[in-house]
Each structure stands twice: as structure tokens, then as C-alpha cells.
Amino acid sequence: MLRLVLPLNGVPDSIAAAQAPRPLYGAAATRRLEQKFAAALPPHTLMDRAGTAVARLARAWQPHARRIHVLAGGGNNGGDGLLAAARLRQAGFGERIEVRWLGQEERLPADARWALAQARAAGVAFVEEAPQDAPDLVIDALLGAGLHRPLEGEMLAALRWLQTCPSPTLCVDLPSGLDADLGHWWADAPVQPAGPRITLALLTLKPGLFTGAGRAAAGEAIWCDDLDVDVCAALPDAWLVGPDGWPHRDRLRADHASHKGRRGDVLIIGGVPAAAHHGIGMTGAALLAGRAALRAGAGRVWVAVPAPPSSTPAFDPAQPALMWRTVEAALAEGLPQRATVVAGCGAGSALVPVLGALMQQTPRLVLDADALNALGAAAVPGSNSPWLAALRDRAARGWITVLTPHPLEAARLLDAQVADVQRARLQAAEQLAQRTEAIVVLKGSGTVVTMPGALPRIVASGSGWLATAGSGDVLAGLLGARLAAWTPVEDMSALLDAVAATAALHGTLPAASSSPIWAPTAADLAP
Ligand SMILES: NC(=O)C1=CN([C@@H]2O[C@H](COP(=O)(O)OP(=O)(O)OC[C@H]3O[C@@H](n4cnc5c(N)ncnc54)[C@H](O)[C@@H]3O)[C@@H](O)[C@H]2O)[C@@H](O)CC1
């Protein structure tokens, strides 16, 4: 059955489509499923269904296309393209169906060999060169789940043509160049296509479609056809998640007997003012986090500033309910023991002296930005960092720690390069979680949320609109509110789901506040 998974990146409708958690299967798991189902069906059935699904979507998406160019590689992904060409030709679609096939007949897998014969029998035209002009529709069947190494030579040249071609393009299973497991882009070619593009995943959704380069390469919409087999019984490699489970404001409204003490307390630590930090002020970061926590339904929110009372803001005119403290006063009041603490938003190096106390006193702790920088390379193998010991000690006590690194912060914690983190985002997040025994929210395109012993979640929402100063502070505040409202249950994976749903909600905020003219800023996300 054909399903729309993510229509038009970033528009609100896409959220509904993404809401149900969806299982993601990497290349190896997909191959196992393919073999299992193929064994129970007549020969070539899956490829027949795959090629037919591609042809059907191509016709629905570009019904007036006259010249259709299929770029096909030498594996089964190319086989899908060849079969789609055959089916389009048999249906009398368009005026010309042409295939540029870069395979070698003697090395073809059996299914693709059969598809080649089908295309030839259908009278599809075979061409040697890339078109000089733009076809009405391109079908990208160069490489799919079999790509795990860099592209070179003829394949690279073909991909460069594809990425710069302005024609509408339908990618078969995965955009060619993308690693199904990692979301890594294997080619020295632009990730972002020049023309309109959609992707039709076949049999399974692969994790690489949704993180790293996946979302940028896959285009405006991601479809999936399960080829009429039930893959969902198999254990996935990861889950694609939306904001389902977020405590919606209607639920807060319906809770008549509630009071502010029941909604959860949040303490933001950060926002160092310029007067206390060599003329470099970061009050806005803590403001954004505090406002987001309030907006997300926290009952009471304090903002503790690492500065003397004289340079602590009197109040926030936009959200006067925020209560301001110095860090000293907040510690003296015992706030870290009873509130969920969000530490790091614009705290600078002033956080370091109190981080140890927070680790030891706060059962629910979100470490963001400067708090992560303060940990240094705590997550490298064999690290004897006192911070690592403190994090593990927290886990042993059953306390919750959430780390929210962007790729650079994750790289610092792992003593790696940003490129290493981005090349394998799921694996980087899992390493970080294993070593720190914390929940990790690795931000970026396709935010990854994971913890030790759990299947990672990839957040389905989000767009380039989130790449704006302060949007991470808003996420930290939302996480603070969500953890503060968290009722402990035995199943820790429910906590992971709650954290992932919070990150997914954050991804929807820019679309909710967008105007036809302005790009949303962080203040629009937490007004
Ligand atoms: N066999 C079947 O019945 C089905 C196959 N499916 C399709 O099969 C695809 C997977 O097929 P394959 O495992 O054959 O893999 P691919 O077709 O994705 O890639 C394998 C081919 O690409 C070449 N290749 C890989 N990396 C390269 C590089 N860096 N430079 C140059 N050439 C490179 C290999 O030599 C091989 O010829 C899926 O993505 C999907 O499109 C699905 O439609 C499901 C059903």
C-alpha cells in the first residue's frame, strides 16, 4: 500500500502524517525482509510491485510529462527503474520513455536482469548520454540501499548531472548518493537538488532518509510503498517519531483540579549579563528557555543568573511570571532539589563552579550549550573525567540527565570531528548515550533521541527554519517543562518517547508561527 509519510517539509500538515511512530529499517534488515518475503512469493514479485509502484506515483505526480528519463544503475535499484520504465511504456504514458542504464549485463542480480528484459520487451528507448535539455520527469534509480562507499567516475558524473538537473525527479527508494543507514552523502555533488523532487521508499523506510543529508536530498515529500507485505512485525533499527504524546494545552485546560505546583517546576540556570562576563551578555538565551518552559505548561519557572544581584534583571516584561534569582540564591533556596534544572543556556564559563553541585542535587537535569562545553571530552573511551563519573553516578541513582548537543558539542564530548558525528548521527548519539548513561538529543536535520539500551528515535518534524540563534534554548526550556511534568513509571522507554515528542513539537513551532514574509526567529517560537 502506498502511503504519504512526510509531505512538504515543514508545513503543519506534515506533522499529522508523521505523528504515528514508524519503524525504520537499515539496509541489512531490509535485505533480510526482502529475502524472507521473496521466498514466499513467485519470482520477481517484489520487484514487479516496486516498479509498478514507481510508475503509478510518477503518473500521479507528473500526469502531463511527455519525455521521461530514467537513470538506472547496475543493481536492483536500477532494476526498479527499468521495470517502472516498462510499466510506463506499456501504459502508453507520455511520448517518450528513455533509460540511461549504467549497469553491466553479466553482473546483474536476477531480479534486475528480469527487469531489463521487461524494459527491452516493452520497447523502452535506451540512451548512452545524459540529456542536453531538461526532461519533463526524471526517475532516479541509480543507487539505492546498496550504496556504502564514495561515488567516482561515471557514477559520480551521472549523479552530478542528476543533482543539477532542474526537472522534477522521483527518487526510487532513496535519493542516489545517500547512505540508507547513516544519512551520509557519499558524493562530491550538491545534496540539495536543483529541481522539485519526491522520494518513494520501497518495502521499508530507511533511517538515512530522515537524518543527516536525508531530508535535504529526499525533496519535498517522502512516500512509502510496503509492496503489500507486512514488514512491521520485524524489530526495527530505529523509530521515526512526531509530537504525539505532547501534553496538549487542551489537556492542561481540562485538568480543572490542577494548581501551579502540580504542573512542575523548572529552574533555568544561565543568561549571564554583560556586566558580569567581560562585556559579553547572554541574558536572552535564558529568557528564551524560561519563556518556552512557561509556554509549555510548567507551573513555576525560575531563571537563575550567574551574576551578582545588581546585574540580575528585575523581571521579563513579556513573561512577568518568570522569577529571577542569582544562582547563589537559587542554590540557597534549595531549588535544584525540587525543580527540573535546565543548565547552560547562555551561562558561559560561570556555570563551571556550580555544575558539580547541580549534578549531585538535581534529580532531573537538562544539560545544554555551555553546560555541555563544561564537560569537555568526557565521553571519550577510557575517560577518567570527574564529569563522566558524576553522570554515571546520576544514572546509578535512577536520576534523569538529558544532554542536548548540536553536532559541534557532540564532537567535543566525543573528542571527534563534526564530520565524524554528521557522517553517522545515529551511531554518534548512541555512543554518547552509552558512555554517559544519559538521554541524548543530538540536534540537527533529523534530531536523534536515544539512551542506553533503547532503539533510537529520529524526529520527523523540523526544517531549515530552526537554524536560527536561540532555537536550541527554546528546546532546552521545552524539555525542562516536559521533564518537570514527568510522572515516573517503570518503563524508561516512555520517558525517551516523551523527550522525543518534545523535540518533535519543537520542530513544528516555526511552521506554526510562520508568516508569508518573515522567517521565524527564536522569539516567535517562545513569545
Ligand atoms: N530485489 C527486489 O525484489 C527488490 C529490490 N529493491 C530495490 O533494490 C535496491 C537495493 O538493491 P541492491 O542491493 O542491488 O543495491 P543498489 O542497486 O542500490 O546498488 C548496488 C549496485 O550499485 C553498485 N554500487 C554500489 N556502490 C557504488 C559506488 N559507490 N559506485 C559505483 N557503483 C556502486 C554495485 O556495484 C551494484 O551494481 C533497493 O534500494 C530497492 O530500490 C526494492 O525495490 C525491494 C524489492
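The residues of the chain are indexed from 1 along the displayed sequence. Hydrogens, waters and symmetry mates are skipped; everything else that's a heavy atom, side chains included, is used.
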Worksheet item: What pairs meet the ring-ring contact (aromatic ring centres under 6.0 Å, His included) rule with one or both residues in residues 156-192, with sequence neighbours excluded?
Response: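 Passing the test, one end in residues 156-192: H69-W161, H184-W186.
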
Side chains of [X] and [Y] in contact at under 4.5 Å (non-hydrogen atoms):
| X | Y | result |
| --- | --- | --- |
| W223 | L57 | yes |
| L200 | D225 | yes |
| Q422 | R425 | yes |
| V449 | V440 | no |
| E98 | R67 | yes |
| L83 | R87 | yes |
| L102 | E154 | yes |
| L505 | L478 | yes |

Practice prompt. Identify, with sequence neighbours excluded, every residue that meets side-chain contact (heavy atoms from CB on, under 4.5 Å) alongside A218.
Written response: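 Only P175, T199, L209, I222 meet the side-chain contact (heavy atoms from CB on, under 4.5 Å) criterion with A218.
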
Could you tell me whether [X] and [Y] make a salt bridge, using a distance below 4.0 angstrom between a side-chain N and a carboxylate O?
| X | Y | answer |
| --- | --- | --- |
| R160 | D188 | yes |
| D181 | K206 | no |
| D140 | R197 | no |
| E34 | R49 | no |
| D368 | K443 | yes |

Worksheet item: For R31, which residues count as a salt bridge (charged side-chain N to carboxylate O under 4.0 Å, His left out) partner, sequence neighbours excluded?
Response: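 If we apply the salt bridge (charged side-chain N to carboxylate O under 4.0 Å, His left out) test to R31, skipping adjacent residues, there are no hits.
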
Worksheet item: Regarding H148 and D179, is there a side-chain donor-to-acceptor distance under 3.5 Å anywhere?
Response: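 There is such a pair (donor and acceptor under 3.5 Å, judged by atom type) between the side chains of H148 and D179.
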
Worksheet item: Relative to each other, are the rings of H44 and W114 parallel, tilted or perpendicular (30° and 60° limits)?
Response: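 Ring orientation of H44 relative to W114: parallel.
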
Fill in: side-chain contact (heavy atoms from CB on, under 4.5 Å), paired with L403, selected from V366, L367, V441, L442
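Result: among V366, L367, V441, L442, L367 is the only option passing the side-chain contact (heavy atoms from CB on, under 4.5 Å) with L403.
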
